[in-house]
There are 2 protein chains.
Amino acid sequence: MLPLTGYSVSADRPAAIQIVERLRNAIVRLELPPGQMLSESDLAESFGVSRTPVREALIKLAQQGFIEVRPQRGTFITKIRPKELLEARFIREAIETAAIERIVGRLDSAATRACEATLKDQRAAAAAKDIYAFHLADDAFHSTLAQATGFERLSGMIEGEKALMDRVRILSLKTMPPFKRLISQHKAILDAVVAGDRQAALTQMRGHLRELLTTLPQASHDYPQYFTEKIDPGSDWAETHSGASL
Amino acid sequence: MLPLTGYSVSADRPAAIQIVERLRNAIVRLELPPGQMLSESDLAESFGVSRTPVREALIKLAQQGFIEVRPQRGTFITKIRPKELLEARFIREAIETAAIERIVGRLDSAATRACEATLKDQRAAAAAKDIYAFHLADDAFHSTLAQATGFERLSGMIEGEKALMDRVRILSLKTMPPFKRLISQHKAILDAVVAGDRQAALTQMRGHLRELLTTLPQASHDYPQYFTEKIDPGSDWAETHSGASL
DNA sequence: CAAACTCAACTTGTATACTAGTGCACAAGA
DNA sequence: TCTTGTGCACTAGTATACAAGTTGAGTTTG
């Protein structure tokens, strides 16, 4: 029933951690569809462990917003909530622009090379039409920039907010992947940061983050069962709910 | 041994949730000192439950950064890491100034009244020299402003970052509580937001958040056992590590 | 036929038992 | 005295069993 059957966890690491990783991956990639019910017993059987580590994994995922536990009823993959996505974008914009402010013109050579490497990975993934590899490289770009601030938890926070948005990204990437556009946006951000052009770097980052959700109305129209509410593609929904205006 | 002995959880709500609340409170108030080891068995006995709900509570607290689980060794209250506090301040400044941008000049009367109520609570707490009540009202002020953005998770995030800083706050409040100063800062922020003075609101909020950690060197000197590293009170540590310069 | 009741099969929450690994005290040896 | 080995008491991780609550299908009853 579940697309996880047959893959047991390995014994060299705590089972709960492995289960978190696997489930989170499956959720973000929509292999476990939003709204899907999860049974602790079934999961335990799938992973070849008891319910205990499964429960601990579910607690962590619930705290990250990927699942919802309804006592005595069941555990469910959270549906995509458009309002939550706008909030994630708001938070990312606040944090990532603040990070830009901090690193613009100060990126050392190691960090610069690391960012360039993610661009290279993205180009390779785009050429191979591998949306998951593309996704990983996209994660890496934003994480690398965040780590350059010297703060340790920043990249984790960004990844968390990012993951909430990624399900929509996957939906849109399936139909029309704007690989080149995203890569050039990343490159523009990096170039501005390296060049020390604060204003350009901020503008590029904002534009990049704001564009991520433009496909949301279309996605919610194509896959209504994955969303908590429907959005009229013709409306200016994202704008009226965004940070620009209240 | 633990200052929690004798207080059992009630049966009307899940035990794990109650344990999270109680432990988190005890940690933030330094009733459980940083570095202290926690035994799952002892906690279970103290709360009158089995290890299972205790473990689930500890998992949540670990994810929030309050405790650290070292496999097969023990569970410990995290020591205060100055770098992490600066990071929390960075994140709060990024998010709370973004929130200000969003609500300045648009605060409805209900939210305005709610903010004013927190000021009143703070004045009452200051008069009664009740630092915990003062603290609660302080939480409420920032949460109320965050909620005014219409975003739901924002106030929770701010509270999380705030809680990390609160242990230092408690240490300094014990010796010399700057009640009036903090209240007037809150008032200045609220006034500027209501008046629609964007620049003033941002400046006030930044100043307020930056001042919160000025007592950190003194606190780390007075209670070195609570910190992971020592800070020379005479140095410009906070400045050299803050967002202003890399 | 429709409404209500019953019961069985689920769900999550909690308790208990066991496993494997760590560290410390303490004794035996050089 | 210092080192080294050994065992015990402790830790977190996992498995299993049971408790309490929800849901829905099937039957009974009006």
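Fair warning: this is a prediction, and the values are worked out from it, not measured in the lab. Each chain gets a letter, A, B and so on, in the order the sequences are listed, and its residues count up from 1.
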Handout entry: Options D:dA12, C:dT11, C:dG13, nucleotide nearest the side-chain atoms of A:Ser39
Key = C:dT11
Practice task
Determine: side-chain N/O of B:Arg55 to OP1/OP2 of D:dG13, distance under 4.0 Å, yes or no.
Solution key: yes
Problem - Main-chain N/O of B:Leu154 paired with A:Glu87 side-chain donor or acceptor, under 3.5 Å - result: yes
Handout entry: Polar side chain donor-acceptor pair, A:Gln18 to A:Ser10, under 3.5 angstrom
Key = yes
Handout entry: Polar pair under 3.5 Å, donor/acceptor by atom type, side chain A:Arg13, base D:dG13
Key = no
Exercise for the section: Using a cut-off of strictly less than 4.0 Å, decide whether A:Arg73 has a side-chain nitrogen or oxygen near OP1 or OP2 of C:dT12. Expected result: no
Exercise for the section: Give the intermediate values and the outcome of side chain to side chain contact (heavy atoms under 4.5 Å, CB included) for residues B:Asn25 and B:Glu31. Expected result: CA-CA 8 Å; B:Asn25 248 307; B:Glu31 292 160 14; over 6 Å; no
Practice task
Ignoring backbone atoms, establish whether A:Ser41 has a side-chain N or O less than 4.0 Å from OP1 or OP2 of C:dC10.
Solution key: no
Practice task
Choose from D:dT14, C:dT11, C:dT12 the nucleotide whose nearest atom is closest to any side-chain atom of A:Glu40.
Solution key: C:dT12
Exercise for the section: To the nearest 0.5 Å, tell me how far B:Ile95 CD1 sits from A:Met157 CE. Expected result: 4.5 Å
Practice task
Respond yes when some side-chain nitrogen or oxygen of A:Thr75 is under 4.0 Å from OP1 or OP2 of C:dT12, and no when none is.
Solution key: yes
Practice task
Kindly say if A:Ser50 contacts the phosphate of D:dT14, meaning a side-chain N or O under 4.0 Å from OP1 or OP2.
Solution key: no
Completion exercise
Testing D:dT16, C:dT12, D:dA12 for proximity to the side chain of B:Val69, the answer is D:dA12
